[in-house]
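Report on the structure given below.
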There are 2 protein chains.
Amino acid sequence: MQVYVNPRINEDIYLKDPIQSDLGKKIIFSSVNLVNTLGFDKFNFKKLGAEIKSTEASIYRYFPNKERLLIYLSAWYWETKNYLIVSKTNSITDPREKLTKAIKALVNVTEEMQSQNILELHQLQAIVTQEFYKITRTKRCSSHNESGYFESFKRLCTSISDIIKEIDPDFKYPITMATSLIEMSISNNFCSSNLPSLTEIQCGEDKRKQIEDMMTYFCERLLVRCKK
Amino acid sequence: MQVYVNPRINEDIYLKDPIQSDLGKKIIFSSVNLVNTLGFDKFNFKKLGAEIKSTEASIYRYFPNKERLLIYLSAWYWETKNYLIVSKTNSITDPREKLTKAIKALVNVTEEMQSQNILELHQLQAIVTQEFYKITRTKRCSSHNESGYFESFKRLCTSISDIIKEIDPDFKYPITMATSLIEMSISNNFCSSNLPSLTEIQCGEDKRKQIEDMMTYFCERLLVRCKK
DNA sequence: AAATATATGATAGTATTACTATCATTGTCA
DNA sequence: TGACAATGATAGTAATACTATCATATATTT
């Protein structure tokens, strides 16, 4: 029997909880595919309705607009990553090892992760890589933040910055560094495919391994102080 | 007499060079204001036409769509920053001092910079901060890159990564670090205003100074190796 | 079993957007 | 004088992002 760990998503994000109904599940499940194929800009509820043999109006009963659906999918992704990082690191005592594990969990998508999740994590990662800035860099961002739409992402930042603080309590910018690390993982994933001259990461089989190594390299330099 | 240094912009970005005509200059000049007030999403050529007492159709003769106008404005900004960084650092021999100057030039907008530029640099910085990802994180990004639309940004990355290489020729990821530094400057500027829990930078008078200090702090840790 | 509520479907309609197309007017330069 | 380039004026179109209404099927309560 399969046990799924559905992440807890802030209920202000949706109008009606999609995981509580067949139609709702179809909506989030299919949107992951469709956003990936079309790109978020060309994606809309009419097309999604056609895809799942339902209607535009029915989807609007779950999400007030497509932006909120994207916010929902992103929250799902970050919440999943955070859950993973917390559960993979809380039994470890050495904070440096914690950070290594956290980076691994952040960058990779394993069979084990996927088996616990009803949404396709590779596709979800591709969406976040391509589209996450479309929800965070807007004029509405401040008010969305106040509504708690970015809680999952912020929790993840906090988890990572906590580890950073454990390693080097004197480090002046743990939160910025955590945010920056997450952004690096997204950015380099994107750039290696689309703007290759902006990163040393090469597209290919071991891309995630390369990103993992790179992030570890940065962390070592930023946090491992020489004994004076 | 005022001497303006107009950055050289890849001519494939526009249909007709805006700095060669009165209307063209009005278009780029006013768009900086209007994009800032409305945000790029609600900005359009009809509204811009009304603003400059011209028409939608006339503006479409300069730019094929509003995205390309944003690409143009971004290129202008990055080209300006790169020109500044190059001219401020080429007489310096100590590469560490070079990097400090480069960071300063990247983060700040001074009277001196502004006096040489016909576009309002503070507003341009605000636009890049808010909207830059809307042109780089798209499905069209790869093909835009092949058309050379991001040359200015890439030149800036190269300038900075060259300095990094001078400081530490063994550093494994100079390009990634350069890209990441620029992204940090944008991100922290944005987050301090809109997502304050994601950064240590506080909004206020000395915000740019804080960002400058933070970036220098990161660079010191990443590049200054302890002698073994 | 009847009454009621809830979820979904079917359909229509609207304001806005992002253009494209056409033709008229004005100024400029040879 | 004539030709051409730049701009303006106006109209039109397909797609988008919704909103509204009504019908129907199914589940729940009494």
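All chains are named by letter (A, B, ...) in the order of the sequence lines, taking the proteins before the strands, and each is independently numbered beginning at 1.
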Whole-Å distance separating the [atom1] atom of [X] from the [atom2] atom of [N]:
| X | N | atom1 | atom2 | result |
| --- | --- | --- | --- | --- |
| K42(A) | dA14(D) | NZ | P | 17 Å |
| Y60(B) | dC19(C) | OH | C1' | 5 Å |
| N44(A) | dA17(D) | CG | P | 6 Å |
| L48(A) | dC18(D) | CG | C1' | 15 Å |
| F63(A) | dA17(D) | CZ | C1' | 17 Å |
| F43(A) | dA15(D) | CZ | P | 18 Å |
| L38(A) | dT16(D) | CG | C1' | 14 Å |
| L70(B) | dA18(C) | CG | P | 13 Å |

Should [X] and [Y] count as side-chain neighbours, where that means a heavy-atom distance under 4.5 Å?
| X | Y | answer |
| --- | --- | --- |
| I28(A) | Y62(A) | no |
| Y173(B) | S180(B) | no |
| M184(A) | M214(A) | yes |
| K207(A) | I201(A) | yes |

Task: V107(A) to M215(A) - nearest heavy-atom pair and separation - done: CG2-SD, 3.8 Å
I'd like to know if [X] pairs up with [Y] as an ion pair, taking the criterion as any Lys NZ or Arg NE/NH1/NH2 lying under 4.0 Å from an Asp or Glu carboxylate oxygen.
| X | Y | result |
| --- | --- | --- |
| K26(A) | D22(A) | no |
| R155(B) | E79(B) | yes |
| R137(B) | E183(B) | yes |

Open item on the list: Can you tell me if K66(B) touches the phosphate of dA18(C), counting only side-chain N or O atoms and a distance under 4.0 Å to OP1 or OP2?
Closed with: yes
Open item on the list: If you compare every side-chain N and O of K47(B) against the phosphate oxygens of dT17(C) (OP1, OP2), does one of them come in below 4.0 Å?
Closed with: yes
For nucleotides 25-30 of chain C, which of its nitrogen or oxygen atoms have a protein nitrogen or oxygen under 3.5 Å away, and what is each distance?
none

With the criterion being N/O to N/O and under 3.5 Å, what pairs connect the protein with nucleotides 8-14 of chain C, and how long is each?
from   : atom 1 : to     : atom 2 : distance (Å)
dT8(C) : OP1    : Y62(A) : OH     : 3.3
dT8(C) : OP2    : K16(A) : NZ     : 3.3
dT8(C) : OP2    : Y62(A) : OH     : 2.7
dG9(C) : OP2    : S54(A) : OG     : 2.4
dG9(C) : OP2    : S58(A) : OG     : 3.0
dG9(C) : N7     : R61(A) : NH1    : 3.3
dG9(C) : O6     : R61(A) : NH2    : 2.9

Open item on the list: Could you tell me if T136(B) and Y133(A) have a donor-acceptor pair between their side chains, going purely by distance under 3.5 Å?
Closed with: no
